[in-house]
Amino acid sequence: MPKQAPERDPAQDDPEVGAPKHAAAGLPAVGHSLRMANEQMGARRTVATLLKVNQHGGFDCPGCAWPEPDKPHTAEFCENGAKAVAEEATERRITAEFFAAHPVAELAERSGYWLGQQGRLTQPVLLEEGATHYTPVSWERAFEIVAEELRALDTPDGAAFYTSGRTSNEAAFAYQLFARRLGTNNLPDCSNMCHESSGSALVETLGVGKGSVSLKDLYQADLIIVAGQNPGTNHPRMLSALERAKRAGATIVSVNPLPEAGLERFKNPQQARGLVGHGTKLTDLFLQIRLGGDLALFRALNQLILAADAVDHPFVAEHCHGFEEFAAEAKSTERSAVLAATGLEWSQIEQLAELVMRSEKVIVCWAMGLTQHKHAVPTIREVVNFLLLRGNVGRTGAGVCPVRGHSNVQGDRTMGIFERPSTAFLDALEREFDFAPPRHHGFDAVESIRAMRDGRVKVFFAMGGNFVAATPDTEVTEAAMRRCRLTVHVSTKLNRSHVVTGARALILPTLGRTDRDRTAKGDQFVTVEDSMGIVHSSQGRLRPPAPGLLSETAIVCRLARATLGAGDQVPWEEFAADYDTVRERIARVVPGFTDFNARVRVPGGFALPHGPRDSRTFPTATGKANFTVNPLTAPEVPAGRLLLQTLRSHDQYNTTVYGLDDRYRGITGGRRVVLVNPEDLAELGLAEGAFVDLVSEWHDGSERRAPHFKLVGYPVARGGAAAYYPETNVLIPLDSTADISNTPTSKAVVIRFEPDSGQ
Ligand SMILES: Nc1nc2c(c(=O)[nH]1)N[C@H]1C(S)=C(S)[C@@H](COP(=O)(O)OP(=O)(O)OC[C@H]3O[C@@H](n4cnc5c(=O)[nH]c(N)nc54)[C@H](O)[C@@H]3O)O[C@H]1N2
Ligand SMILES: Nc1nc2c(c(=O)[nH]1)N[C@H]1C(S)=C(S)[C@@H](COP(=O)(O)OP(=O)(O)OC[C@H]3O[C@@H](n4cnc5c(=O)[nH]c(N)nc54)[C@H](O)[C@@H]3O)O[C@H]1N2
Ligand SMILES: [Mo]
């Protein structure tokens with residue numbers, strides 16, 4: 001039997017600190033995942049569900065976007081995938097009685113962990129203006145209310161339509177079409193806080209904002225550099241791929257301010273030797289870089305490659321643009337600036353440069369450690385320079401590998417969830433559906449918050465996610481949300497964003513990945529695109545948590561009909577009943593999806609075309625791969641201050657907290673910890689174990705405070721600190737964003753410590 005949700009709300013947690021681990025997965029991971037799954041789902045459902053994860057004909061794991069191998073293992077899931085599944089397939093339910101018993105004001109006092117533990121949402125609920133409680137509402141009435149509020153707007157740009165990256169291709173396509181039929185490109189998404197910097201840098205330099213490698217490339221690489229990523233926790237199945245690459249002879253380098261257990265050693269839970277042995281040593285060279293030092297590191301590598309004339313001249317001559325300007329800048333790189341920015345020894349950088357020059361085929365993988373900095377876009381552009389120099393793009397075993405987060409975040413963007421859609425995409429939409437889509441750009445996530453704060457956006461609609469907990473400057477964001485006329489959340493589980501509401505609010509419960517989706521036309525499946533551009537199907541088999549629950553696609557289509565009227569030319573009813581009809585339209589609008597319905601039915605799916613990878617064609621402004629000039633910058637931190645990065649613990653999925661432990665880092669029973677190098681603590685005259693407030697400082701003189709964090713001495717690179725998100729989002733100023741991509745600088749906030757205010 002599944003366990004009941006906890007009564008107590010452990011909001012004021014009391015973390016304990018033990019020794020960090022040096023290997024990831026293995027038997028403890030298996031035990032841990034099964035225990036959590038069992039608590040939420042009970043034994044029978046656990047077995048039935050976990051065996052269907054990532055299998056051909058099964059459902060796509062709602063965890064991360066790491067691709068599935070051609071021949072999946074019987075249990076192609078990982079500890080954290082199992083937790084993501086258990087979170088969704090839980091047997092716990094939120095019913096009308098729950099909302100009757102808990103006023104919204106009380107729910108707003110609860111922790112996100114407690115809200116998430118209450119179970120699956122089972123019926124639409126409405127918070128009327130001035131009301132204290134959510135009460136049940138019919139689907140028809142719910143759609144009417146949204147339609148009423150949308151029609152009452154002076155301009156369609158008074159609404160914002162957010163998407164979190166779990167939404168299927170079919171739902172995403174229908175959703176963006178609805179927003180554009182209405183007349184707005186206000187389609188912010190979680191990507192704005194995530195890999196937007198990667199997209200910005202890659203589109204400019206290579207012409208495609210996606211990774212250029214497949215799993216096969218990883219298996220064949222000579223050298224894999226993993227920079228700014230913690231796969232042991234966030235992409236555990238990537239460790240199997242790294243292990244396989246390693247066995248085939250690859251060298252692995254990790255670049256990180258933290259020694260992350262998963263990158264040190266891996267005990268593959270799918271193999272006997274992984275369960276009982278010492279596991280495979282993964283990292284050959286660990287560069288413990290300072291926060292934000294990566295641009296300097298790659299600049300220095302490029303300088304060394306140029307100095308040794310180890311450049312792939314034929315590739316550069318034939319396929320690249322801007323080499324001379326880039327080379328002149330790179331050659332001028334000052335060693336002292338590199339050492340200050342990276343905190344590394346020059347000999348370590350030389351060692352990596354030698355590895356690079358000995359390797360035919362090089363891949364760079366990265367995630368949030370690179371994308372969430374002020375200079376994230378130039379940093380990633382410099383990574384591209386680095387790969388182009390030696391012809392490491394469009395060659396087997398080589399390329400760029402931005403590792404995506406949410407399981408369909410890449411697909412959502414392919415489907416047009418973007419506030420700055422391309423002209424080609426809008427033209428195709430116009431041709432297919434015979435209307436004039438809005439051409440002016442919409443708001444991204446940060447701009448949407450500003451617009452809500454200033455009263456320009458009055459209706460906020462979210463397709464999944466947890467907007468107020470995932471975005472920066474929590475107090476500002478929550479106040480902005482409260483200024484809305486109407487806030488609507490399509491969700492599987494209760495979260496913070498549902499209890500920080502506009503004048504009116506709706507929660508619309510929906511089916512998740514694991515649930516059976518049956519319409520009048522029979523069982524439906526959806527499709528997703530993984531981090532490597534493979535599109536495949538996903539079909540849940542579990543009985544939905546309640547009768548009458550609608551899929552995301554059905555919700556969008558019914559809302560569109562209610563808002564746009566029966567005369568609208570888009571066949572919304574047909575879309576909602578038969579997803580093949582949505583896929584037919586996608587095939588005609590989105591490049592690479594020809595014959596979509598047939599090809600996606602082939603087990604394993606199909607790969608989307610990728611010019612740079614497939615044929616070294618670069619659809620950029622110059623028609624070539626662009627070298628770029630990226631002046632060397634690094635974060636500036638005043639004396640007595642540290643640079644804080646906000647990251648994930650092992651027991652969370654973004655804003656969803658599964659538990660209060662961070663096993664690999666040796667933290668148990670709490671989340672309000674801040675990891676600091678013991679030498680920095682000594683210099684600041686602070687003791688490990690003491691409680692402090694974190695106070696962030698911003699250019700305009702404003703300060704933000706996160707009270708009551710336990711100081712943990714930890715081997716982080718000097719000058720930096722690390723603490724978990726979302727507790728620390730309150731510290732990140734709304735205007736502190738990356739140049740060009742406008743991504744919040746979640747990995748770079750200047751802080752100081754003050755005595756615990758005990759709040
Ligand atoms: N279990 C689980 N899986 C997840 C998620 C989850 O929350 N839980 N989230 C999903 C999502 S949406 C995403 S985007 C991904 C996130 O995956 P990650 O990017 O791995 O997530 P973070 O915890 O933010 O870790 C950032 C890593 O970068 C390092 N880092 C920070 N700053 C720097 C820097 O300046 N330079 C370098 N070189 N390294 C740096 C940190 O020490 C840390 O190891 O994971 C996805 N998968
Ligand atoms: N400080 C700081 N802030 C960050 C980050 C950071 O590293 N540091 N990382 C950023 C990143 S990389 C990301 S991607 C964002 C994440 O931002 P979001 O995507 O907005 O947040 P999640 O926590 O992933 O959303 C979880 C919620 O999604 C809902 N949900 C789950 N499954 C489904 C489903 O199938 N359908 C629907 N409709 N709803 C579902 C549940 O209600 C759950 O509570 O946060 C960003 N914020
Ligand atoms: Mo993400």
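Just follow the structure's listing: the first ligand is 1, and inside any ligand the first atom is 1.
In summary, the atoms of ligand 1 found under 4.0 Å from a heavy atom of His235, numbered by their order in the structure, are 15 (C), 17 (O), 45 (O), 46 (C). Against a heavy-atom cut-off of under 4.0 Å, Asn80 is close to the following atoms of ligand 1: 1 (N). Close contacts of ligand 1 with Leu291, meaning ligand atoms under 4.0 Å from a residue heavy atom, involve 31 (C), 32 (N), 33 (C), 35 (O). Which parts of ligand 1 touch Thr233 is read off a 4.0 Å heavy-atom cut-off, strictly below it: atoms 1 (N), 2 (C), 3 (N). For ligand 1, the atoms closer than 4.0 angstrom to any heavy atom of Gly292 are 34 (C), 35 (O). Listed by number with element, the atoms of ligand 1 under 4.0 angstrom from any heavy atom of Glu260 are 42 (O), 43 (C), 44 (O).
Neither the backbone nor the side chain of Val403 has a heavy atom within less than 4.0 Å of ligand 1. In Asn230, the parts holding a heavy atom less than 4.0 Å from any atom of ligand 1 are both the side chain and the backbone.
Taking only nitrogen or oxygen atoms, main chain and side chain alike, Val255 reaches within less than 3.5 Å of ligand 1.
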Report task. Take Leu542 and Phe59 through the side-chain contact (heavy atoms from CB on, under 4.5 Å) test and state the conclusion after the steps. Result -> CA-CA 10 Å; Leu542 294 180; Phe59 65 91; over 6 Å; no
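Within 4.0 Å of ligand 2, protein heavy atoms come from Tyr162, Ser164, Arg166, Cys190, Met193, Cys194, Met368, Gln372, His406, Gly464, Gly465, Asn466, Ala470, Val490, Ser491, Thr492, Lys493, Asn495, Thr510, Glu552, Thr646, Arg648, Tyr653, Asn654, Thr655, Thr656, Tyr725, Asn729, Ile732, Ser746, Lys747.
A cation-pi contact links Arg166 to Tyr653, judged by a cut-off of 6.0 Å to the six-membered ring centre and 45° from its axis.
A donor-acceptor pair under 3.5 Å is formed between the side chain of Asp473 and the backbone N or O of Leu734.
To the nearest 0.5 Å, atom CG of residue Asp412 and atom CE of residue Met463 are 10.0 Å apart.
Ion pairing between a basic and an acidic side chain is recognised when a charged N comes within 4.0 Å of a carboxylate O; Glu475 and Arg704 show no such pairing. The residues Glu79 and Lys83 are annotated as salt-bridged, a charged nitrogen and a carboxylate oxygen being separated by less than 4.0 angstrom.
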